[in-house]
Number of protein chains: 2
Amino acid sequence: MLVDIAARLLAEEGPQALSTRRLATEADSSTMAVYTHFGGMSGLVREMVHEGFARLQRHLTHVRQTDDPVADMALLGRAYRHNALANPHLYAVMFGGSSLAGFSLTEEDRQHGRYTLGNVVKCATRCFEAGRFRAEDAELVAHQMWSAIHGLVTLELGDYLIAPYDADRCFEAQLTALMVSSGDALDAAASSVALSRERMRDEVEASGAAGEEPAAEG
Amino acid sequence: MLVDIAARLLAEEGPQALSTRRLATEADSSTMAVYTHFGGMSGLVREMVHEGFARLQRHLTHVRQTDDPVADMALLGRAYRHNALANPHLYAVMFGGSSLAGFSLTEEDRQHGRYTLGNVVKCATRCFEAGRFRAEDAELVAHQMWSAIHGLVTLELGDYLIAPYDADRCFEAQLTALMVSSGDALDAAASSVALSRERMRDEVEASGAAGEEPAAEG
DNA sequence: CAGTATTACATAACGGCGATATGTTTTAAG
DNA sequence: CTTAAAACATATCGCCGTTATGTAATACTG
């Protein structure tokens, strides 16, 4: 399928490899294929955005609920970052706006992935019910998690975070800070974040052994 | 100067207006001008990045130190956002990575603007000395402020934040959350953030009356 | 001053891009 | 079988960044 080829090209060679002629060559067809099936490059980019959010959703729904909702929340953050690092160019298309020259996304395209926030909203509600977070707006908390971690991931993908304040260090600090600012106690937050790190390590080891990674890239 | 024309085109018409032919037309010269002066579009983009960070620095150094360092810190956040909203396309070039198709920035280009973080680091140190922040790494705090607010601004510029959780609301919440997670008490943080909002309002009214805005855009 | 080397500029061309128009082949419906 | 629709291939248009080549202006040097 053309979408699969496009996803592979995007992951392996980056945005500049996504051209009608390159796709035609790769699919053994003509440049018209993109237009008959997607109405142009914009339509194909839209499909890529949907695919990107589907992969994100797959990562987020993969975190299991435990009796430590704050650790679950931290794990959601780790899953978000993990997905972005596994599909960096796809993530750039999802949020980069005009990452591909001149291909502006529709308002509907931009808001399409909003459903993935539901995972975070539900988890925030559980944190409220457990008395770990101040009882405030769960959606607002979700938006704060989203924008803060999105910002860190964006800077990381752009190679703006370097030693000694590399992305790993900033991310761990960011996770704890987010839990604290939502109302959790500092030591409790640090403990839950540490627990989430162990759960994440176990997760990637298990799926790494099964070779289940969604995408690899250089 | 070619850089001024480029900055104007970028601000008024967006990234796709930045082409050698368009610049040649606008400057009444040929396409070679970009190559003799900047060695190509990449060089011109680099100059734009430098200009963008210079404007950011101008905004950041414009916030005055008061006896409420947390309010000063919040005002730095507001200044950062204000600069990004005043120069949205320029901000996209600074951090969008490949906002312009295929023009990858050098490692030196990406790290060039790092000096602007110094304003935040100094302010964080003052927050420590005032006993408002937990005495930890000032640079780490600065990085957290940076990535969190950068993430929010990025989502805002990309029109990802819509009512009822619009950018204004998320930003105010983000500011308070950042101060709280750095160690400030919730009510103290909220009070300083509110104070910073008033100072910001006075600021834009004063400079607005003098017509001193750095750039306007549709 | 003359002579020269460097820089700036204009023109034309190359390859690649998204997009369109047109005609042809394949597919599916009646 | 007939025909309407979908998919495809080819050629072309107007962009793009970039390069090569030749020319005019400038600055340096003896």
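Atoms considered below: every heavy atom in the structure, side chains included; atoms not considered: hydrogens, waters and symmetry mates. Residue numbering restarts at 1 for every chain, and letters A, B, ... go by the order of the sequence lines.
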Q: Check whether the ring centres of His143(B) and Tyr160(A) lie less than 6.0 Å apart, and answer yes or no.
A: no

(Q) Going 5' to 3' along DNA chain C, which are the first and last nucleotides with any atom under 4.0 Å from a heavy atom of chain A? (A) dC17(C) to dA21(C)

Q: Assess the pair His59(A) and Tyr80(A): is the distance between their ring centroids shorter than 6.0 Å?
A: no

Q) Does Asp137(B) come within less than 4.0 Å of Arg169(A), counting only side-chain N to carboxylate O? A) yes

Q: Look at all strands and tell whether Ser29(B) reaches a base, only sugar-phosphate, or nothing, counting heavy atoms closer than 4.0 Å.
A: sugar-phosphate

Q) Of the candidate nucleotides dT18(D), dC8(D), dT10(D), which contains the atom at the shortest distance from the side chain of Thr31(B)? A) dT18(D)

(Q) What's Met32(A) touching, base or sugar-phosphate or nothing? Going by heavy atoms closer than 4.0 Å. (A) base

Q. Considering residues, nucleotides and ligands other than Glu205(A), do more than 12 of their heavy atoms fall under 6.0 Å from its CD?
A. yes

**Q.** Residues Asp72(A) and Arg199(A) bridged, charged N to O under 4.0 Å
**A.** yes

Q) Looking only at side-chain N and O atoms, does Thr36(A) come under 4.0 Å of OP1 or OP2 in dA7(D)? A) no

Q.
Please pick, from dT10(D), dT19(D), dA7(D), the nucleotide with the shortest atom-to-atom distance to any side-chain atom of His37(A).
A. dA7(D)

Q.
The side chain of Arg21(B) is closest to which nucleotide in this list: dC16(D), dT10(D), dA20(D)?
A. dC16(D)

Just list the side-chain donor-acceptor pairs under 3.5 Å for residues 29-37 of chain A, sequence neighbours left out, or say none.
residue: Ser30(A); atom: OG; partner: Met32(A); partner atom: N; Å: 3.2
residue: Thr36(A); atom: OG1; partner: Met32(A); partner atom: O; Å: 3.4
residue: Thr36(A); atom: OG1; partner: Ala33(A); partner atom: O; Å: 3.1

